[in-house]
There are 2 protein chains.
Amino acid sequence: MSLEQNLFEQLKLDYRQIIINYFVNNEASRERIDKFINKVFDYNLPIPKIIEIHMDLIDELSKQLKVEGRSDDILLDYRLTLIDILAHLCEMYRCSHR
Amino acid sequence: MSLEQNLFEQLKLDYRQIIINYFVNNEASRERIDKFINKVFDYNLPIPKIIEIHMDLIDELSKQLKVEGRSDDILLDYRLTLIDILAHLCEMYRCSHR
């Protein structure tokens with residue numbers, strides 16, 4: 001596995017932790033998000049890659065819920081996580097831009 | 001009304017048109033979004049302002065639906081519009097950044 005692939009796999013694991021703990025909404029949860037945003041910014045990761053990480057994880061969780069015979073409606077709420085991350089990351093790029 | 005307020009009011013009107021036509025998903029709809037993103041980028045509008053435009057519009061539409069005795073569940077789908085816009089805008093700032 002290349003260094004780049006390694007980093008991407010690590011980001012996927014980080015994002016999974018963020019999603020799973022998102023609605024706990026404590027300090028650790030906020031720190032985890034800030035760390036992820038800083039990492040993505042430092043790596044200059046293309047935004048479509050973040051969308052890919054999100055979609056892949058949601059697909060996986062959806063399949064898991066269906067296997068358990070549960071509705072996957074709850075997963076829609078995680079769009080808020082993605083909005084949260086994109087908004088902060090976008091503001092970071094904006095402020096460093098001019 | 002100051003020039004800045006004027007621009008902000010115009011952006012609110014633009015965003016309303018985007019939301020209302022988002023799931024039509026034709027060429028005009030895509031062009032409207034691209035134009036909005038370019039405008040926001042040119043004005044260097046802080047990202048929290050975009051979130052504010054979105055939230056205010058969703059609140060307003062929600063009240064309207066309630067008055068009509070209809071569910072506002074459908075409004076959750078418009079989070080996709082916000083994700084779409086933030087992702088494209090963020091990529092634009094990212095690419096112009098280094």
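Throughout, protein chains are lettered first and strands after them, A, B, ... in sequence-line order, and every chain is numbered starting at 1. For clarity, every value in this text was computed on a predicted model and none was experimentally measured.
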Chemist: Of all the residues in residues 71-86 of chain A, which have a heavy atom that comes within less than 4.5 Å of a heavy atom in chain B?
Modeler: A:Leu76, A:Asp77, A:Arg79, A:Leu80, A:Leu82, A:Ile83, A:Leu86
Chemist: Using non-hydrogen atoms only, which part of B:Leu45 is less than 4.5 Å away from chain A: side chain, backbone, both, or neither?
Modeler: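 Only the backbone of B:Leu45 comes within 4.5 Å of chain A.
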Chemist: A:Ile20, A:Phe36: one ILVMFWY side-chain cluster at the under-4.5 Å cut-off?
Modeler: no
Chemist: Using a 3.5 Å distance criterion without hydrogens, assess whether the side chain of A:Arg94 forms a donor-acceptor pair with backbone atoms of B:Asn44.
Modeler: yes
Chemist: What's the spacing between B:Glu91 CD and A:Cys90 SG if we round to 0.5 Å?
Modeler: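 Spacing of CD (B:Glu91) from SG (A:Cys90) equals 10.5 Å.
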Chemist: Would you find more than 12 non-hydrogen atoms of other residues, nucleotides or ligands less than 6.0 Å from A:Lys39 atom NZ?
Modeler: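 Count over threshold, so yes.
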Chemist: side-chain hydrogen bond (donor to acceptor under 3.5 Å, both in side chains) with B:Glu68: which residues, sequence neighbours excluded?
Modeler: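 Partners of B:Glu68 by the side-chain hydrogen bond (donor to acceptor under 3.5 Å, both in side chains) criterion, ordered by chain and then number, come out as B:Arg70.
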